Protein chains: 2
Amino acid sequence: MTGEDNLLKLVEADETEGEYHLQEQVGFILRKAHQRHVSIFAAHIGDLTPPQFAALAKLHDVGETSQNQLGTLIAMDAATVKGVIDRLKARGLVELSRHEVDKRRLLVSLTVEGRAMVERLIPLAQKITEETLAPLTPKEIGTFLKLLAKMA
Amino acid sequence: MTGEDNLLKLVEADETEGEYHLQEQVGFILRKAHQRHVSIFAAHIGDLTPPQFAALAKLHDVGETSQNQLGTLIAMDAATVKGVIDRLKARGLVELSRHEVDKRRLLVSLTVEGRAMVERLIPLAQKITEETLAPLTPKEIGTFLKLLAKMA
DNA sequence: TTGATATCATTTGCATGCGAATGAATTTTC
DNA sequence: GAAAATTCATTCGCATGCAAATGATATCAA
């Protein structure tokens, strides 16, 4: 093989570099990783979805807040958070009330049952986190979480 | 403060270690990272969703396949892939036909328009990947993708 | 004060995403 | 070769997730 051949190969490689491998795209892998987590979550906590648990956990953390504010805290837009809260309310895990001063705001808070539920589930949630990260070594976990947070 | 006090504090810290910070859980950050990517995708490619693009890109890669097989390749269950393919078909980007031998299978392939669309969008998809990873340094990107893939 | 803006919440429409049930066709097994 | 188990696809029901439009209330500014 001559030098010209090598050069040609390089040029060709560069031209066909447009080759697109879906399985290597962040978006695709991110979607799969998310799917896997949801699946692990469902295996441990069957009667609550991750968004529902997020809402309860956040309410447990900050106490009563407006629906909108809660949405901001758990990264959910207004339309989505409404559906989540509606379903939690239907199950008696949260209760709603109007803000005395600002009548636009809808205050959300945990019911006694809701509080009991979160407190019961938090240990399971920690197991879920562990299992999700199980493919990584402890050192890798630290690196991964740092980079993921930086990217999110 | 005495030594006993310190010891007590440690024990207490251990007991109350149940403190749960939603924003530090993989699942939550993963969901946010995914949201961010979808948003970046939408900003660049407005008239196609990431799953729709994944289907087209995969068909471009492997050629004609069954709907089910395609679902496996792009990590979508049967019910979901059907909806995606239905919408692509309605837009004339893919066409369907029955497998001659195995009459259960529904073969999916790109139309001329579909092929033109994917080829036009692939460069944009690469931009999307870049932008999604933009918060990370080149070295971090390598590490991150490796760990993310290991976890997914 | 009032008129323009902004904020909070709701609703509608569309697109995933998955579990479970069903039906049709194929393969395996005995 | 007939019964049992699999596989492919479809359908239904439920739960996010987001854009856009709407209405009610608050806040800001002229």
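Values in this document were obtained by computation on a predicted structure and should not be read as measured data.
One interatomic measurement links the two molecules: CZ of B/R98 to P of C/dA24, which rounds to 12 Å at whole-angstrom precision. At whole-Å resolution of the value, CG in B/N68 and C1' in D/dT6 are 12 Å apart. Atom NZ in B/K32 sits about 13 Å away from atom P in D/dG17, given to the nearest Å. One interatomic measurement links the two molecules: CD1 of A/I85 to P of C/dA9, which rounds to 11 Å at whole-angstrom precision. Atom pair B/Q67:CD and D/dT11:P shows a separation of 10 Å (rounding to whole Å applied). Between A/D77 atom CG and D/dT16 atom P there is a gap of 12 Å when expressed in whole angstrom units. Whole-Å rounding puts the A/F41 CZ to D/dT16 C1' distance at 13 Å. A/H34 places its NE2 atom 6 Å from the P atom of D/dG17, with the value rounded to the nearest Å.
Remark: side-chain polar atoms of A/Q69 are not paired, donor with acceptor, to backbone N or O of A/S66 under 3.5 angstrom. With hydrogens and angles ignored, the 3.5 Å screen pairs a side-chain donor or acceptor of A/H99 with a backbone N or O of A/D102.
Put simply, A/Q52 has a side-chain N or O that comes within less than 4.0 Å of OP1 or OP2 on D/dT16. Within the structure, a side-chain polar atom (N or O) of A/R31 is placed less than 4.0 Å from OP1 or OP2 of C/dG17. The side chain of A/R87 places an N or O atom within less than 4.0 Å of a non-bridging phosphate oxygen (OP1 or OP2) of D/dT16. Side-chain nitrogen and oxygen atoms of A/Q35 include none within less than 4.0 Å of the OP1 or OP2 phosphate oxygen of C/dT16. One finds a side-chain N or O of B/T49 lying less than 4.0 angstrom from the OP1 or OP2 phosphate oxygen of C/dT16. In this model, the phosphate group of D/dT7 is not approached by any side-chain N or O of B/Q69 to a distance below 4.0 Å at OP1 or OP2.
Here the CG atom belonging to B/L148 is positioned 8.0 Å from the CE atom belonging to A/M151, to the nearest 0.5 angstrom. With rounding to the nearest 0.5 angstrom, the NE2 atom of A/H34 is 12.0 Å from the CD1 atom of B/I29.
Across all strands shown, B/D102 has heavy atoms under 4.0 Å from sugar-phosphate atoms exclusively, and none from any base. Nucleic acid contact for A/V108: none, since no nucleic acid atom lies under 4.0 Å from a heavy atom of the residue. Among the heavy atoms of the strands lying under 4.0 Å from A/V84 are primed sugar atoms or P, OP1, OP2 only; no base atom is included. Residue contacts shown for B/S39 are absent, as no nucleic acid heavy atom lies under 4.0 Å away.
Looking at B/R104, its side chain comes within 3.5 Å of the base of D/dT7 through a donor and an acceptor atom.
Of the residues near DNA chain D, A/T80 and A/R105, the one whose nearest nucleotide (by heavy atom distance) lies more toward the 5' end is A/T80. Each of A/L107 and B/A79 was assigned the nucleotide of DNA chain C with the nearest heavy atom; the assignment lying further toward the 5' end belongs to A/L107.
Under a cut-off of 6.0 angstrom, the local environment of NZ in A/K150 is crowded, with over 12 non-hydrogen atoms contributed by other residues, nucleotides or ligands.
Side-chain contact between A/I128 and A/T132: present, with at least one pair of heavy atoms (C-beta onward) separated by less than 4.5 Å.
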